[in-house]
J.: 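Handing you a structure now.
Basis for what follows: all heavy atoms, side chains included, without hydrogens, waters or symmetry-related copies. Residue numbering restarts at 1 for every chain, and letters A, B, ... go by the order of the sequence lines.
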2 protein chains.
Amino acid sequence: MSLRHAVLAALLSGEYSGYELAKAFDVGVANFWYARPQQLYLELSKLENDGLISGREVVQRTRPTKRLFVVTDAGLAELAHFAAAVSKSSFIRDDLLVKVQAVDHVDAAPVIAQLDQRAAAAAAKVEILDKILRRLRGDLDEETYLRHGSPIGPYLTCLRGRRFEQEHHDWSVRAAALLRDRATRNGHPAPTSDQSR
Amino acid sequence: MSLRHAVLAALLSGEYSGYELAKAFDVGVANFWYARPQQLYLELSKLENDGLISGREVVQRTRPTKRLFVVTDAGLAELAHFAAAVSKSSFIRDDLLVKVQAVDHVDAAPVIAQLDQRAAAAAAKVEILDKILRRLRGDLDEETYLRHGSPIGPYLTCLRGRRFEQEHHDWSVRAAALLRDRATRNGHPAPTSDQSR
DNA sequence: CTACACATGTAAACGGTTACATGATTAT
DNA sequence: ATAATCATGTAACCGTTTACATGTGTAG
């Protein structure tokens with residue numbers, strides 16, 4: 001049970017509908033978890049049934065009716081309990097790393113192409129996360145915010161996400177360059193990052 | 001189907017038994033995937049049934065009999081096919097990040113304690129990965145190995161794992177220090193990293 | 001004779017993904 | 001009309017985790 005707590009933690013920042021949460025979890029952000037919309041709707045139902053969140057209908061003139069959720073006292077207690085329990089260690093699980101691991105034995109060209117794509121995607125996420133960080137800290141510089149700003153939790157997870165993406169980007173760029181260089185020296189057609197423009 | 005290819009990629013480095021693979025995937029290393037022993041034994045059976053790997057029994061005087069596996073030509077073809085297919089983007093999924101996200105609303109002390117543990121674990125993994133990297137490159141310095149050394153795939157994934165753990169460590173240390181500092185300034189008992197020695 | 005490392009599995013439960021399904025409103 | 005965005009779900013499948021299960025040989 002882990003998405004459960006991720007949803008609770010996300011709802012601490014304010015009232016959200018399933019649709020709004022889905023955007024935060026699915027697209028771009030997801031600095032501390034990731035989930036598909038379907039999973040979120042399901043989890044929100046369960047959480048409401050268990051009394052950990054409560055939803056209210058908001059009828060809109062201009063848009064379809066939505067349901068906004070907030071964390072209840074029972075939900076906060078559940079989160080506190082979760083935060084105090086032991087957590088299993090995190091690990092990398094990445095298709096692309098599997099491909100790179102095998103790159104000595106398979107055609108490198110498609111792997112290089114995917115590294116290029118990853119680098120671009122990671123760079124885009126870094127920008128998104130930078131925007132979020134700037135919005136969070138407002139006028140304060142980072143050092144000051146980290147010492148005195150509030151909320152600190154979301155800022156810290158966002159920082160972690162930003163560094164992860166930066167790291168991911170740098171590694172992808174370097175790996176792609178190295179593999180390209182090796183392919184060239186071995187007399188291959190030297191696949192360039194064309195992006196089919 | 002992803003563990004499947006991770007196992008194939010791992011077996012490219014040589015002949016391994018389920019037990020040996022399990023140690024590489026479970027303990028320490030796992031620079032490109034992670035799996036439990038039970039899952040590996042199951043996956044090895046499936047891979048052998050599908051003809052992607054082939055196993056041979058090795059009777060040992062001093063130890064119980066084991067089965068060593070190698071990738072077949074069909075297995076290599078499967079890997080090549082996989083390497084050329086699109087991969088879904090990687091993402092962070094970490095219990096501890098969920099806890100940090102919620103740290104403004106729950107007791108920070110147990111979260112800080114877990115950050116300390118994480119930092120220590122990450123530092124230990126960095127050392128293990130450094131050892132593996134040194135062993136891989138032998139006499140060559142890193143730049144030279146990256147340009148000319150072989151195999152390059154495992155070295156690159158190991159580098160990625162190393163940086164991930166380093167990053168994980170640095171962030172954990174910083175987050176723990178900041179949260180501790182805030183707790184102290186708010187007049188709390190100031191939980192120190194005692195480690196119950 | 002007890003604990004530990006080596007060695008290999010099975011079965012049930014759980015969590016997550018994919019595919020399927022529906023419907024309102026706004027902009028083109 | 002049609003596409004795009006908003007909005008919410010269900011059902012089947014698959015991959016992963018947890019718990020259970022067994023047995024050999026070595027070291028203390």
Side-chain angles (χ1 to χ4, degrees), chain A residues 1-8 15-28 30 33-50 53 55-69 82 85-95 98, chain B residues 1-8 15-28 30 33-50 53 55-69 82 85-95 98:
Chain A
M1 262 183 282
S2 27
L3 170 62
R4 192 176 187 75
H5 303 106
V7 170
L8 281 172
E15 267 189 329
Y16 293 105
S17 70
Y19 189 80
E20 288 159 354
L21 265 186
K23 281 208 296 187
F25 270 78
D26 193 39
V27 186
W33 204 264
Y34 162 88
R36 299 287 166 101
Q38 300 96 318
Q39 219 184 330
L40 289 170
Y41 283 114
L42 199 70
E43 199 62 50
L44 286 169
S45 303
K46 285 188 202 164
L47 283 166
E48 198 183 21
N49 272 328
D50 295 350
I53 62 176
R56 61 186 183 96
E57 283 217 334
V58 174
V59 185
Q60 307 171 106
R61 289 134 291 160
T62 138
R63 297 280 173 213
T65 300
K66 62 180 174 182
R67 295 194 342 111
L68 296 179
F69 296 93
F82 170 71
V86 292
S87 39
K88 29 194 167 169
S89 55
S90 75
F91 44 80
I92 291 185
R93 231 180 217 175
D94 188 343
D95 277 2
V98 174
Chain B
M1 263 183 281
S2 28
L3 172 62
R4 192 177 188 74
H5 303 107
V7 170
L8 282 172
E15 269 190 328
Y16 293 105
S17 70
Y19 189 81
E20 288 159 355
L21 266 186
K23 280 207 296 189
F25 270 77
D26 193 38
V27 186
W33 204 264
Y34 162 87
R36 300 287 165 99
Q38 299 97 318
Q39 219 185 328
L40 289 171
Y41 284 115
L42 198 70
E43 199 61 50
L44 286 169
S45 303
K46 286 188 202 163
L47 282 167
E48 198 183 20
N49 272 328
D50 296 349
I53 61 176
R56 62 185 183 96
E57 284 218 333
V58 174
V59 184
Q60 306 171 108
R61 289 134 290 162
T62 139
R63 298 278 173 213
T65 300
K66 62 180 172 180
R67 295 193 344 111
L68 297 179
F69 297 93
F82 169 72
V86 293
S87 37
K88 28 190 170 174
S89 55
S90 74
F91 43 80
I92 292 185
R93 233 180 215 173
D94 188 343
D95 277 3
V98 175

J.: Check side-chain contact (heavy atoms from CB on, under 4.5 Å) between B:Arg61 and all other residues, then give those that pass, not counting sequence neighbours.
T.: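 B:Arg61: no side-chain contact (heavy atoms from CB on, under 4.5 Å) contacts found.
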J.: Considering all heavy atoms of both residues, which atom of B:Tyr19 and which atom of B:Tyr41 are nearest to each other, and what is their separation?
T.: N-OH, 3.3 Å
J.: OP1 or OP2 of C:dT8 sitting under 4.0 Å from any side-chain N/O of B:Tyr19?
T.: no
J.: State which residues pass side-chain contact (heavy atoms from CB on, under 4.5 Å) with B:Glu43; sequence neighbours excluded, sorted by chain then number.
T.: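 With sequence neighbours excluded, B:Glu43 shows a side-chain contact (heavy atoms from CB on, under 4.5 Å) to B:Leu3, B:Arg4, B:Val7, B:Lys46, B:Leu47, given in chain and number order.
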J.: From A:Ser17 OG over to A:Arg63 CZ, what is the distance, rounded to the nearest 0.5 angstrom?
T.: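 Those atoms lie 12.0 Å apart.
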J.: Tell me the closest heavy-atom pair linking B:Ser87 and A:Asp95, and the distance in Å.
T.: CB-CB, 3.5 Å
J.: Show the nearest heavy-atom pair for residues A:Leu44 and A:Leu21, with the distance to one decimal.
T.: CD2-CD1, 4.0 Å
J.: Quick check for you: name the first and last nucleotides of DNA chain D, 5' to 3', having an atom under 4.0 Å from a heavy atom of chain B.
T.: D:dG15 to D:dT26
J.: Using a strict heavy-atom distance below 4.0 Å, which residues from residues 58-66 of chain B are in contact with DNA chain C?
T.: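 Only B:Gln60, B:Arg63, B:Pro64, B:Thr65, B:Lys66 qualify.
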J.: Whole angstrom is fine here: how far is it from CG in B:Asp95 over to P in C:dG15?
T.: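 In whole Å, C:dG15 P lies 12 Å from B:Asp95 CG.
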J.: Got a sec? Which of residues 39-50 of chain B come in under 4.0 Å of DNA chain D, heavy atoms?
T.: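 B:Gln39 - these, ordered by number, are the residues of the stretch whose heavy atoms sit under 4.0 Å from the strand.
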J.: Which heavy atom of A:Tyr34 sits nearest a heavy atom of B:Arg93, and at what distance?
T.: O-NH2, 3.0 Å
J.: How many Å lie between CG on B:Leu3 and C1' on C:dG16, as a whole number?
T.: 16 Å
J.: Heavy atoms only, 4.0 Å cut-off, all strands: where does B:Arg4 land among base, sugar-phosphate and nothing?
T.: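 Answer is nothing: B:Arg4 stays at 4.0 Å or more from every strand.
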J.: Are any of the side-chain heavy atoms of A:Leu8 and A:Phe69 separated by less than 4.5 Å?
T.: no
J.: Where are the stems of DNA chain C, defined as at least 3 consecutive Watson-Crick or wobble G-U pairs with both distances under 3.5 Å?
T.: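 Stem list for DNA chain C: C:1-28 with D:1-28.
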J.: Looking at B:Glu15 and B:Glu20, what are the two nearest heavy atoms and their distance?
T.: O-OE1, 4.2 Å
J.: Let me spell it out: for each of B:Arg67 and A:Tyr34, pick the nucleotide of DNA chain C with the closest heavy atom. Which residue's pick is nearer the 5' end?
T.: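 So the residue in question is B:Arg67.
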J.: Could you check how far CH2 of A:Trp33 sits from P of C:dG15, rounded to whole Å?
T.: 11 Å
J.: Working to the nearest 0.5 Å, report the span between CD1 of B:Ile92 and CH2 of A:Trp33.
T.: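 Interatomic distance, B:Ile92 CD1 to A:Trp33 CH2, rounded to 0.5 Å: 11.5 Å.
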J.: Between A:Phe25 and A:Ala6, what is the shortest heavy-atom contact and its length?
T.: CZ-O, 3.8 Å
